[in-house]
Every structure is written in structure tokens, then in C-alpha cells.
Amino acid sequence: MIDDERLNAFEARIDAGEKIEPGDWMPDEYRRQLIRMISQHAHSEVVGMLPEGAWITRAPNLRQKLVLLAKVQDEAGHGQYLYHAAETLGATREELIEALLAGRAKYASVFNYPSLTWADMGAIGWLVDGAAILNQTMLARCSYGPYSRAMVRICAEESFHKKQGQEMVIRYARGTPAQRAMVQDAINRWWWPTLMMFGPHDSDSTNSPALLRWRIKTKTNDALRQEFVNELVPDLQAIDLSVPDAQLRRDAASGNWLIGPINWDEFWAVVRGNGPCNRERLEARRRAHAEGQWVREALAAYATRAAPREQAAVAG
Ligand code: FAQ
């Protein structure tokens, strides 16, 4: 088949709701977009462990420590699934991680902000995981089989994370004046970075046309951001917390909560490596990678020695 026929057949499969699998023919641009997005997503999960990981040793009691440990560990697992999904497209984990450590790869801007108090664990869980779930529920229906299946599992775990955050925020909102103030401050600091997570406005979203055409994305950045705002604003108001937006208003005609302008200069500064914690985050990942070198060497040595023995055992 010539490429035009292949492309038509490929798009017909997508239009019919079929999943594209690793061995199937796909346009180079479809493969490139998926590797770009899945690898950024994997890096986000792994870097996303850092703001919360910093609080494991400072959890106020054993129960909360166990919950936080489980959550941070889940994020590492999500990174693993996603690196594997990217590998099905021909990328290697080594090259992807090398790009992250060299500062060439992108990951979600939100993780370049500091976690300053224990209440941030609640705000991250409810807001950041809540935003991630909206986006990932959409991706669970995407056209690429391995990515969509990874998302089903990840979404189930993220739902637990969101509930963990929601429970914390509600508890502190009903707590002492100091706890209320702490949790309101956390919401104030994480609100705008969470809204930025959904990416630039649709008019500036350079990748969306290709992603929407091939059903990698099925909703736009602005549509998902609006769903998030519509869900969170009434929920926060119900527990007497506010969002830091003097221009927030409800549009009677559409029922949408309309937000004030997002500071895109701040967003792009963070994306380009100049956020409050970009350097610290990359440094932490580089350190962890260097400290894990002996594990990789041990596994490689085991694989070289064990493989011939296992083959001999099977043959004999
Ligand atoms: N941060 O053309 P678009 C989580 C870049 S997982 C940094 O609109 P697209 C779990 C974008 O790459 C969170 N860069 O891009 C967790 C592009 O540059 P490029 C991560 C961003 O792909 C929770 C340029 O701007 N989730 O939170 C961001 O159509 C708690 C133009 O943008 C995913 O990665 C950003 N926020 O839409 C872990 C989901 N937004 O690559 C621990 C998969 C945009 O052309 C604790 N990804 N850029 O050089 C997606 O759904 C999409 O990639 C979007 C962006 C929606 C993020």
C-alpha cells in the first residue's frame, strides 16, 4: 500500500474506535507525538514524587505516613508503566531518562513549586491528582492501546490519591483556626499552578490539532480546565474555603465558573526551567540516578550470568 492508502486505513480504524497496537503501521507523526507525550507523562510521575516525598519523614502520625508512602510509591509505579508504554513505540528507557537528567525533556510544570507545609499534601492530592485524573480518564480512551490500558490502572490509583487529599483538606477545614489557615494557604498556592497543568489555551496548543485528529486527546486543554474549575469551586466553597481569584464568577447562561487571566509568563518561565524548584528537582533526580547505579549494574550482571544457566535448565 502507498502511504496515502495506509494513512486512510489507519484513520478509518481510529474513527471506528479501534485501538492501534505496537506492531501496527502508524504515521511517523503519530509515533512521535505519543513518545513525546508518554515520556513527558512518565517524567511527571517520577518528578512528581519529590514535593510529597519531602514530607514522608515529617508526617504527623503513623497512619498518615503510611498513606503518603503508599501514594508516593504509586507514582513511581505509574512512571514504570509509562516508560514501558513509550518503549513499545521504539524509544528506550535509557534515552528518555538521559533526556530528563540532561534537562532536555519536559515534565508537568506544577511539580516545580515547593511544598511548604503539611497541608500541601492535601492540596496536592485533591487539586493536582484531581486535575491529573480528569486528563487521564480522557487518555484511558485514547487510540493507542498500551497507553490507554496503562491509564485504566493509573486512574484507579489516582482516585485513591484524590480521596486522600480531599479527606485531609476537609479535616483541616473543619479543624482549629490554625489548621484552617494552613489549608487555605495551601489551596491559594496550588490553585494557579494546577490550572496551568492543563497546558496553554487551545489557541496556543500547538500539538492539539494532531492529537485530536488521531484521538490521542479527545478533549481540549481549555475544556478539561473548565471541567476542573466547575467541579472544584463548589466543592471548596461547601467547606468554606475559597480560591485566590478575585475575578471568579459564575456564568448563568453556561453554568460555568469563569476564572480570571492565567499568568502565562509564569507558566512558560517554569516550563523553560526557571520555576522556583526546577533546578532542585533535576538535581534530586540526578542524585537518585547516581545512587541507583549499583542496582542497575547488579541487575545487568545477574541477567548476564543467569541467562545461560536458565537456558541450560530449560534445554536440559
Ligand atoms: N507542563 O501543545 P500543548 C500527575 C508544553 S501526571 C510542562 O497544549 P499538549 C500525577 C507541551 O509539552 C501530570 N509543559 O501540549 C501526579 C508543549 O511543548 P512540546 C502530567 C507543558 O501535549 C499527581 C507545549 O507546552 N500529565 O500529575 C505543560 O497538546 C500528583 C505546548 O502545549 C500528563 O503528562 C505543562 N503543564 O497538551 C504525580 C498527561 N502543558 O512538547 C505526583 C499527558 C503543556 O511541544 C503527584 N499529557 N506543556 O515541546 C497531556 O495530556 C498533554 O501533554 C498536556 C499538554 C495536556 C499536558
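Note that the structure is a prediction, hence the values are computed from the model and not measured. What you see below is based on every heavy atom in this structure, not just the backbone, and it leaves out hydrogens, waters and symmetry mates. Both counts, for ligands and for their atoms, begin at 1 and track the order of listing.
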*asked:* Salt bridge check, Asp3 against Arg6: does any charged N sit closer than 4.0 Å to a carboxylate O?
replied: yes
_Salt-bridge criterion met for Glu21 and Arg13 (N-O under 4.0 Å)_ = no
*Would you mind listing which atoms of ligand 1 come within a distance below 4.0 Å of any non-hydrogen atom of Tyr107?*
1 (N), 7 (C)
*asked:* If you compare all heavy atoms of Arg180 against all heavy atoms of Asp240, which two are closest, and at what distance to 0.1 Å?
replied: NH2-O, 2.8 Å
*Compare every heavy atom of Trp190 with every heavy atom of Tyr113, then report the nearest pair and how far apart it is.*
O-CH2, 3.7 Å
*Starting from atom 43 (C) of ligand 1, which protein heavy atom do you reach first, and at what distance in Å?*
Tyr147 OH, 3.5 Å
*State the atoms of ligand 1, each with its element, that fall below the 4.0 Å cut-off from a heavy-atom position in Thr206.*
2 (O), 31 (C)
*Asn221 heavy atoms, cut-off 4.0 Å: which ligand 1 atoms fall inside?*
8 (O), 37 (O), 56 (C)
*In terms of residue, atom name and distance, what is the protein heavy atom nearest to atom 8 (O) of ligand 1?*
Ser205 OG, 2.6 Å
*Return the residue, atom name and 0.1 Å-rounded distance of the protein heavy atom closest to atom 46 (C) of ligand 1.*
Glu52 OE1, 3.4 Å
*Mind checking whether Trp192 and Glu266 have side chains closer than 4.5 Å, heavy atoms only?*
no
*Compare every heavy atom of Met182 with every heavy atom of Thr117, then report the nearest pair and how far apart it is.*
OG1-CG, 3.7 Å
*asked:* Quick check on atom 54 (C) of ligand 1 - does any protein heavy atom sit closer than 4.0 Å to it?
replied: no
*May I ask you to decide whether Arg153 forms a salt bridge with Glu157, counting only side-chain N to carboxylate O separations under 4.0 Å?*
yes
*Taking non-hydrogen atoms only, is Leu139 closer than 4.0 angstrom to ligand 1 via side chain, backbone, both or neither?*
side chain
_At less than 4.0 angstrom from any non-hydrogen atom of Phe111, what atoms of ligand 1 do you find?_
4 (C), 16 (C), 23 (C), 27 (O), 30 (C), 38 (C), 42 (C), 46 (C)
*Quick one: does ligand 1 sit under 4.0 Å from the side chain of Val271, the backbone, both or neither, non-hydrogen atoms only?*
side chain
*Contact check, side chains of Asn135 and Met197, non-hydrogen atoms, under 4.5 Å*: no
*Please name the residue in the list Tyr81, Tyr83, Tyr147 that meets the side chain to side chain donor-acceptor pair (under 3.5 Å) test with His41.*
Tyr147
*Between Glu11 and Trp214, does any side-chain donor sit less than 3.5 Å from a side-chain acceptor?*
yes
*Per-atom contacts, ligand 1 versus Gly48 - under 4.0 Å to a heavy atom*: 42 (C), 46 (C)
*Looking at Ser109, which atoms of ligand 1 are within less than 4.0 Å of one of its heavy atoms?*
1 (N), 7 (C), 35 (C), 36 (N)
*asked:* With nothing but distance in play, are any N or O atoms of Leu211 less than 3.5 Å from an N or O of ligand 1?
replied: no
*For the pair Asp74 and Lys71, find out whether any cationic side-chain nitrogen is under 4.0 Å from an anionic carboxylate oxygen.*
no
*What is the nearest protein non-hydrogen atom to atom 52 (C) of ligand 1, stated with its residue, atom name and distance?*
Met37 CG, 4.1 Å
*Which residue and heavy atom of the protein sit nearest atom 51 (O) of ligand 1, plus the separation*: Asn135 ND2, 2.9 Å
*Region of Lys106 that comes within reach of ligand 1 [heavy atoms, distance under 4.0 Å]*: side chain
*asked:* I'd like to check whether Glu158 has a polar contact with ligand 1, where a contact means an N/O of the residue lying under 3.5 Å from an N/O of the ligand.
replied: no
*Can you name the closest pair of heavy atoms from Arg215 and Asp15 and give their distance?*
NH1-O, 3.7 Å
_Would Asp204 count as a contact residue for ligand 1, given that I'm defining contact as a non-hydrogen atom of the residue lying under 4.0 Å from a ligand atom?_
no
_Does ligand 1 come near enough to Trp268 that some N or O of the ligand is less than 3.5 Å from an N or O of the residue?_
no
*Would you call Lys162-Glu158 a salt bridge at under 4.0 Å N-O?*
no
_Residue and atom name of the nearest protein heavy atom (relative to atom 28 (C) of ligand 1), distance in Å to one decimal_ = Phe267 CZ, 3.5 Å
*At a non-hydrogen distance cut-off of under 4.0 Å, which region of His41 contacts ligand 1 (side chain, backbone, both, or neither)?*
both
_Interfacing atoms of ligand 1 (cut-off 4.0 Å, heavy-atom, Lys71)_ = 30 (C), 46 (C)
*What atoms of ligand 1 come within less than 4.0 Å of a heavy atom belonging to Met196?*
36 (N)
*Of all the non-hydrogen atoms in the protein, which one sits nearest to atom 37 (O) of ligand 1, and at what distance?*
Lys217 NZ, 3.2 Å
*Heavy-atom distance to atom 6 (S) of ligand 1: which of Met49, Arg36, Gln136 wins?*
Gln136
_4.5 Å side-chain heavy-atom contact, Ile154 and Met151_ = yes
*What's the shortest distance from atom 23 (C) of ligand 1 to any protein heavy atom, and which residue and atom give it?*
Asp129 OD1, 3.3 Å
*Could you tell me whether Arg189 and Asp120 have a side-chain N and a carboxylate O separated by less than 4.0 Å?*
yes
_Any N/O pair Gln40/ligand 1 closer than 3.5 Å_ = yes
*Does a donor on one side chain sit under 3.5 Å from an acceptor on the other, for Asp222 and Gln226?*
no
